[in-house]
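Below is one structure; the comments refer to it alone.
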Protein chains: 2
Amino acid sequence: MTESREVTTDHAAAPGHGRVGPKRQERGQRRMAQIVSAAAEVFAESSYEAATTNAIAKRAGISPGSLYQFFANKDEIARALAERYVAELGVAQAKALDLEKLRTASLEETLAAVIAPLIEFNLANRGFKALFARPDMPPSLTEAVAPLHATLTERVKALLAMRFPQLAGDALDRTVTVAIQIVRAMMPLIVAAEEGPERDALVAELHRALHAYLSDVVR
Amino acid sequence: MTESREVTTDHAAAPGHGRVGPKRQERGQRRMAQIVSAAAEVFAESSYEAATTNAIAKRAGISPGSLYQFFANKDEIARALAERYVAELGVAQAKALDLEKLRTASLEETLAAVIAPLIEFNLANRGFKALFARPDMPPSLTEAVAPLHATLTERVKALLAMRFPQLAGDALDRTVTVAIQIVRAMMPLIVAAEEGPERDALVAELHRALHAYLSDVVR
DNA sequence: TGAGAATACGAGTAGTCGCTCGTGTTTGTC
DNA sequence: GACAAACACGAGCGACTACTCGTATTCTCA
């Protein structure tokens, strides 16, 4: 009898990720994108835990079995979604942020330039908060979205280091952490608020809080 | 044949809650307290969803069946725990807060008087954040802890209204919300930090952020 | 002291969820 | 056209979880 180990569904991972898997055809790559998009929608409607893999498959228009042709498990889907978010956020910020111009901008202007695209991104990608704006994540998820957090932290750190050269070391790290926490805390409120004066007021409040905090840090 | 409706386990609720149930003996009341304490521990070690009712029962030293003699379902346990937290927080704050003295205190002093017992409480009751410091709760839990949120919001609102008479209406509400969000965002970090300089630095940062924000609000 | 109420037990039930597996179809390659 | 690899299906498995039920014990109080 021919032993058939290694014959069970072996999954691919995003390129450049160490994992090996079947060579994806164009159809397969489209499917993977579909699945990630569907996951983003389902996560957005509840939470990571509450989202079922069967629901994701259904939303993507495929069977549960097909889903597992492309992702080894639920965490891998979250990881792929986190990677997509990192990439898209990079694009959105690159568009809005011109570091050279910011060098001479006021703190208000800098904050506006950073926050505005971030809010747009959160509004356009409501699944984002399921992976980002949570204080208590299941360990597996924490690992999956660690690169996302690391990336954002790095970007904020670079910005603050440029803006406040007198900040360094632990103090800088703490300031970055607190600033991110404030944004994370306010974002769900902003996204949940109805478009118009209500949301605008909350955004203004976020500006105010961040501006006041950062002004004080270097006082 | 004698129909036996209403004979299945009928549960009690905390007194003054509308629900009727069996008359609790002293033993039963002790059990209920045990269960709530056990739930607090188990919630603290993971999260509300991840905590299983069987684990709570085991921690309380009773069988799953016994647990359901006292609580109709998992949500009721969370509700009871939330009520306990409201009561204990009330005591802790009443001890530390003397509204008359605060009337003449500086903003720094007021913040210190409010924040210090809050942090002590969070350190002593690590299950608290499972019910409080979460942006996205399951709907049932939301309802269960709504009184807790309402209570805290009311207290903060009263304090801010006294402190900043020029604030009123929506602006006051928003300020209360943001202040609470900042505390909620920082608390998990503070609790997770190791005792000593690391935690102290984060607490100082929380002070700074709140102080800066509130000073700015009335600027 | 005895009857009914409250408390206690824990194996068991129904339901859910992540994931598998046997099987069939499409696509790329020669 | 033949063959393998990739893609697709969906019933259903195994593990887990909130909760139940039949039964046994302890308490209360007339």
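Chain letters run A, B, ... following the sequence lines, proteins first, then strands; residues in each count from 1. In this text the structure is predicted, and so the values were computed from the model without any measurement.
- The side chain of Ser66(A) has dC9(D) as its nearest neighbour among dC9(D), dC7(D), dA6(C).
- Computed from coordinates, the Glu76(A) CD to dG18(C) P distance equals 15 Å when rounded to whole Å.
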Name each donor-acceptor pair under 3.5 Å that joins a side chain in residues 119-128 of chain A to protein atoms two or more places apart or in another chain, with its distance.
from: Asn122(A); atom 1: ND2; to: Leu118(A); atom 2: O; distance (Å): 2.9
from: Asn125(A); atom 1: ND2; to: Phe121(A); atom 2: O; distance (Å): 3.0
from: Arg126(A); atom 1: NE; to: Leu123(A); atom 2: O; distance (Å): 3.1
from: Arg126(A); atom 1: NH1; to: Val191(A); atom 2: O; distance (Å): 3.3

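- Between the side chains of Thr110(A) and Arg163(A), a donor-acceptor pair is found at a separation under 3.5 Å.
- In this entry the distance linking CE of Met32(A) with C1' of dA8(D) reads 15 Å, nearest Å.
- Distance from the side chain of Arg24(A) is smallest to dC7(D) among dC19(D), dC7(D), dT7(C).
- dC19(C) atom C1' lies 18 Å from atom NZ of Lys58(A), rounded to whole Å.
- Side chain of Lys23(B), nearest nucleotide from dA8(D), dC19(C), dA6(C): dA6(C).
- In this structure, of dG18(C), dC9(C), dT17(D), it is dC9(C) that holds the atom nearest to the side chain of Ile62(B).
- Toward the 5′ end of DNA chain C lies the nearest nucleotide of Arg31(B), the other residue of the pair Arg31(B) and Lys74(A) mapping further downstream.
- In terms of modelled atom types and a separation under 3.5 Å, the side chain of Arg184(A) and the main chain of Ala133(A) share no donor-acceptor contact.
- In this structure, the CD atom of Glu49(B) is 17 Å from the P atom of dT16(C), given to the nearest Å.
- Nearest-nucleotide positions on DNA chain D for Ala50(B) and Gln29(A) put Gln29(A) closer to the 5' end.
- Distances were taken from every side-chain heavy atom of Tyr68(B) (C-beta onward) to each of dC19(C), dC19(D), dA8(D); the shortest belongs to dC19(D).
- Contacts of Ala55(A) with the nucleic acid, taken as non-hydrogen atoms under 4.0 Å apart, are absent.
- Among dA8(D), dT7(C), dG12(D), the nucleotide with an atom closest to any side-chain atom of Gln69(B) is dT7(C).
- The shortest distance between side-chain heavy atoms of Met186(B) and Leu210(B) does not fall below 4.5 Å.
- No side-chain heavy atom of Val145(B) sits under 4.5 Å from any side-chain heavy atom of Tyr85(B).
- If you measure from atom CD of Gln34(A) to atom C1' of dC7(D), you get 12 Å, rounded to the nearest angstrom.
- Here dC19(D) presents its P atom at 10 Å from CD1 of Ile56(B), a figure rounded to the nearest Å.
- Contact annotation for Ala57(B): no contact, since no heavy-atom pair falls under 4.0 Å across all strands.
- The side chain of Pro64(B) lies closest to dA11(C), out of dT17(D), dC19(C), dA11(C).
- Shortest non-hydrogen contact noted between Leu131(A) and Ala82(A) is CD1-N, 3.9 Å.
- Here dG18(C) presents its P atom at 15 Å from CZ of Phe71(A), a figure rounded to the nearest Å.
- Minimum atom distance to the side chain of Asn54(B) is reached by dA18(D), of the listed dA8(C), dA18(D), dA6(D).
- Interface remark: the Asn73(A) side chain does not form any donor-acceptor pair with the dC19(C) base, using a distance-only criterion of under 3.5 Å.
- Within the 3.5 Å criterion, the main-chain N or O of Ala185(A) finds a donor-acceptor partner in the side chain of Gln181(B).
- A heavy-atom distance below 4.5 Å is found between the side chains of Glu195(B) and Arg199(B).
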Tabulated below should be each protein N or O lying under 3.5 Å from an N or O of nucleotides 27-30 of chain C; please produce it.
none

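- With dA8(C), dG10(D), dC19(D) as the candidates, the nucleotide lying closest to the side chain of Ser63(A) is dG10(D).
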